[in-house]
Protein chains: 2
Amino acid sequence: MDDRRDMALAMDRLLAHGHAVTPQRRLVAQALRDAAGPISAQELSAALEPGRGIGQMTVYRTLALLADAGVAYQIAATDADRHLARYVFCSGSHHHHLVCQTCHAVLEVGGCGMESVDRDVEQRTGFAGVGHHLDFVGTCPACAAVASGEGH
Amino acid sequence: MDDRRDMALAMDRLLAHGHAVTPQRRLVAQALRDAAGPISAQELSAALEPGRGIGQMTVYRTLALLADAGVAYQIAATDADRHLARYVFCSGSHHHHLVCQTCHAVLEVGGCGMESVDRDVEQRTGFAGVGHHLDFVGTCPACAAVASGEGH
DNA sequence: TCGACTATGAGAATGATTATCAGTGAGGAG
DNA sequence: CTCCTCACTGATAATCATTCTCATAGTCGA
Ligand SMILES: [Zn+2]
Ligand SMILES: [Zn+2]
Ligand SMILES: [Zn+2]
Ligand SMILES: [Zn+2]
């Protein structure tokens, strides 16, 4: 896999947005990429404890920067933990995320054909620069199997 | 307009979800519907002060219930005020919201043709019961005019 | 290499949300 | 219609994610 490639890309994007590249930011981005699912700032901070003590403040700031640079995305679809910000790593180009409602596993979903919809919304509403925030939710095969097994 | 109709529908949905209908819940739902834009629990609480002092706790709980019943929707597209939950009133059937990034004005956008996309995602991923959370963001005509006027 | 300007992080502060729990009211059974 | 049960309400206190502060350390262009 391209472990180094997407990290380099992420750091390049930080630079392109006028932000410096620091060891802490690299580590936060790596931990975010390696996370099993949408992860919060505090969980990331805890995950980073072993190797190095990175301050919570830095984690919060870095997540905001990464989101600004398009390297991280703040998941909106979580119905539980409504007031907790969770992020996923975003590599490559435009895509969206499918989140399991039960175990919170995340899959990237490419090729949303929504560019034309954005243009259509612009036409109908008069708004400019219309874009979209889109998440998919569902039940992953594993959780679906468990649920059907538990059915009474 | 159908002021009474959508309130009655909202209360019916509460009942359908096993929740009682109370004067407080009616007032919260009305205030939410009459709000100019996405509104937070505390702003709703303040807006309700004049007529009647409704406890903040009730406002929070009612918003959660309304969201559960599909009568309220928690906007996710707000980049500012990241850690503040804002809700909009949802009447009728499936639709989405277009939010101005500057003034936070909200427009309902109907007819997203995403049912087929949901099915397609199910096919490609094996997930079951796939649905979507979708918000549009953009700049409303008024804010676009101000921005171009300020351009140096 | 050097300097200006940005990033870091421990601690305290902020502030939205949630827990508690006694009192109140909604709504179904009879 | 009345009564009983169980859900709802709300003042208060507690929780806890996020932000502020500011002195120190590091980044990166020149
Ligand atoms: Zn799952
Ligand atoms: Zn898209
Ligand atoms: Zn606007
Ligand atoms: Zn839709």
Side-chain angles (χ1 to χ4, degrees), chain A residues 8 10-32 38-49 51-69 71-72 74-76 78-87, chain B residues 8 10-29 31-32 38-69 71-72 74-76 78-87:
Chain A
M11 295 302 103
D12 283 350
R13 288 205 204 166
L14 272 188
L15 281 175
H17 282 249
H19 307 303
V21 172
T22 66
Q24 290 92 340
R25 289 179 181 174
R26 216 181 292 270
L27 287 172
V28 169
Q30 278 180 9
L32 177 64
I39 190 169
S40 70
Q42 304 216 329
E43 288 165 349
L44 262 182
S45 187
L48 289 167
E49 283 290 343
R52 192 190 184 85
I54 293 188
Q56 292 192 26
M57 195 63 246
T58 299
V59 176
Y60 279 103
R61 279 188 288 225
T62 300
L63 283 173
L65 288 182
L66 292 175
D68 176 60
V71 177
Q74 183 176 345
I75 290 285
T78 50
D79 290 322
D81 291 334
R82 226 182 300 262
H83 71 298
L84 185 62
R86 290 181 178 278
Y87 297 82
Chain B
M11 296 302 103
D12 283 349
R13 289 204 202 166
L14 273 187
L15 280 175
H17 282 249
H19 307 303
V21 173
T22 66
Q24 290 92 339
R25 291 180 179 173
R26 216 181 292 268
L27 286 172
V28 169
L32 177 65
I39 190 168
S40 70
Q42 304 214 333
E43 288 165 348
L44 263 182
S45 187
L48 288 167
E49 283 291 341
R52 193 189 182 87
I54 293 188
Q56 292 192 24
M57 196 63 243
T58 299
V59 176
Y60 280 103
R61 279 187 290 227
T62 301
L63 283 174
L65 288 182
L66 292 175
D68 176 59
V71 178
Q74 182 176 346
I75 290 285
T78 49
D79 290 322
D81 290 335
R82 225 184 301 266
H83 71 297
L84 185 63
R86 290 181 178 280
Y87 297 81

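Here is the naming used below: chain letters follow the sequence lines, and residue numbers restart at 1 for every chain.
The residue A:R25 sits close only to the backbone: its heavy atoms come under 4.0 Å of sugar-phosphate atoms, none of a base.
D:dT9 atom P lies 12 Å from atom CG of B:L63, rounded to whole Å. Put simply, CD on A:E43 is 14 Å from P on D:dC16, counting in whole angstrom units. The distance between atom CG of B:L48 and atom C1' of D:dG10, rounded to the nearest whole Å, is 14 Å. Whole-Å rounding puts the A:L27 CG to C:dG9 P distance at 10 Å. Straight-line distance from the CZ atom of B:R26 to the P atom of D:dT9: 12 Å, rounded to whole Å. Following rounding to the nearest Å, A:M11 (CE) and C:dA7 (C1') show an atom-to-atom distance of 14 Å. Taking atom CE on B:M57 and atom P on D:dT15, their separation rounds to 15 Å, with Å as the unit. B:L65 places its CG atom 13 Å from the P atom of D:dA7, with the value rounded to the nearest Å.
Each of B:H19 and B:A41 was matched to the nucleotide of DNA chain C holding its nearest heavy atom; the match closer to the 5' end belongs to B:A41.
Residues passing the side chain to side chain contact (heavy atoms under 4.5 Å, CB included) test with A:A31, sequence neighbours excluded: A:L44, A:L48. Remark: A:D68 pairs with A:H17, A:H19 by the side chain to side chain contact (heavy atoms under 4.5 Å, CB included) rule, at least two apart or across chains. For the side chain to side chain donor-acceptor pair (under 3.5 Å) test, residues two or more places apart in sequence or in another chain that qualify with A:S40 are A:E43.
Using a 4.5 Å heavy-atom threshold, the side chains of A:L14 and A:V71 count as separate. Taking the side chain as every heavy atom from C-beta outward, A:L32 and A:L63 approach each other to under 4.5 Å.
In terms of modelled atom types and a separation under 3.5 Å, the side chain of B:R25 and the main chain of B:A20 share a donor-acceptor contact.
In this structure, the helix from C:dT1-D:dA30 to C:dG30-D:dC1 shows an angle of 60° between the axis at its start and the axis at its end, each fitted on 5 base pairs and rounded to 10°.
Remark: B:M57 CE to B:Q24 CD distance equals 13.5 Å, nearest 0.5 Å. Rounding to the nearest 0.5 angstrom, the gap separating the OG1 atom in A:T22 from the CG atom in A:L27 is 8.5 Å.
In this structure, A:Q24 does not reach the D:dA25 phosphate: none of its side-chain N or O atoms is under 4.0 Å from OP1 or OP2. Dashed line: the shortest gap from a side-chain N or O of B:Q56 to OP1 or OP2 of D:dT12 is not under 4.0 Å. When the side-chain nitrogen and oxygen atoms of B:T22 are compared with OP1 and OP2 of D:dC8, none of them lie within a distance under 4.0 Å.
The two atoms that bring A:A85 and A:Q74 nearest to each other are CB-NE2, 3.5 Å, heavy atoms only.
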Polar pairs (N or O, both sides) under 3.5 Å between protein and nucleotides 13-16 of chain C?
from: C:dA16; atom 1: OP2; to: B:Q42; atom 2: OE1; distance (Å): 2.8

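For A:R61, the listed nucleotide lying nearest its side chain is C:dG9; candidates were C:dG9, D:dC28, D:dC8.
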